[in-house]
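Taking it in order: structure first as structure tokens, then the write-up.
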Amino acid sequence: MLKATGLVEAEIDPAFDPGGNYRLAQAALVVCITEDGHAEIASMRSRKRAGKETRAASKQSPPPKPKGPDALAYLRSIEGASFPLRVENHDEINCIEALKQAGFVDATISPALTWKDSTEPRELAIVRRITPLGRAQLKRQR
């Protein structure tokens, strides 16, 4: 859908079933985010920030603490990993998303899709590297 709307340039491998009908594609490679894609991301981020500010003004109690591992603890745990690092655990993917948004890791996170070998939707994250900003954060924590 992102390719069809012009938000990304991508190569998508079509998936056929034995009867010759199309199914959900199982593989895609995003080449780049287009200018329209970057504009949409900026728009979504500004709407999200505005929504958070509105909710924060209307709430007096602190938000509940998220379940699962702490993102910075997770960053420490992958410090010596061989990259690219493939991650399928949902809690770890949540950490990777937070670290990616902070600029601490260079990663790609797929949406939850049903894979060929499963009936349950699963996510996949590929961490390509810890960024220089992430390495600096690790040094500050020591």
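Here CZ of R86 is found 5.5 Å from CD1 of I126. Values are rounded to the nearest 0.5 Å. For the atom pair I96 CD1 and Y74 OH, the distance stands at 4.0 Å (nearest 0.5 Å). Separating the CG atom in L124 from the CD1 atom in I93 is a distance of 6.5 Å, to the nearest 0.5 Å.
Q141 is linked by a side chain to side chain donor-acceptor pair (under 3.5 Å) to R76, counting only residues two or more places apart in sequence or in another chain. By the salt bridge (charged side-chain N to carboxylate O under 4.0 Å, His left out) test, R129 is found to be paired with D106, residues two or more places apart in sequence or in another chain being considered. Partners of E40 according to the salt bridge (charged side-chain N to carboxylate O under 4.0 Å, His left out) rule, which considers only residues two or more places apart in sequence or in another chain, are R47. Residues satisfying the side chain to side chain donor-acceptor pair (under 3.5 Å) test with D36, not counting sequence neighbours, are none. For T108, the side chain to side chain donor-acceptor pair (under 3.5 Å) test picks out R128, with sequence neighbours left out. The side chain to side chain contact (heavy atoms under 4.5 Å, CB included) test applied to A39 returns no partner, not counting sequence neighbours.
Applying the salt bridge (charged side-chain N to carboxylate O under 4.0 Å, His left out) test to residues at least two apart or on different chains, none of the pairs has a partner in residues 93-102.
Considering all non-hydrogen atoms of both residues, R135 and E79 come closest at NH1-O, 3.5 Å. Contact between F83 and I78 at its shortest, heavy atoms only, is CZ-O, 3.4 Å. A pairwise comparison of heavy atoms in T131 and G103 identifies OG1-O, 2.5 Å as the closest pair.
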Candidate pair H90 and E123, rule side chain to side chain contact (heavy atoms under 4.5 Å, CB included), full reasoning: CA-CA 7 Å; H90 179 72; E123 292 176 292; 2.9 Å; yes
Derivation and outcome, side chain to side chain contact (heavy atoms under 4.5 Å, CB included), residues F104 and I130: CA-CA 6 Å; F104 293 165; I130 297 174; 5.6 Å; no
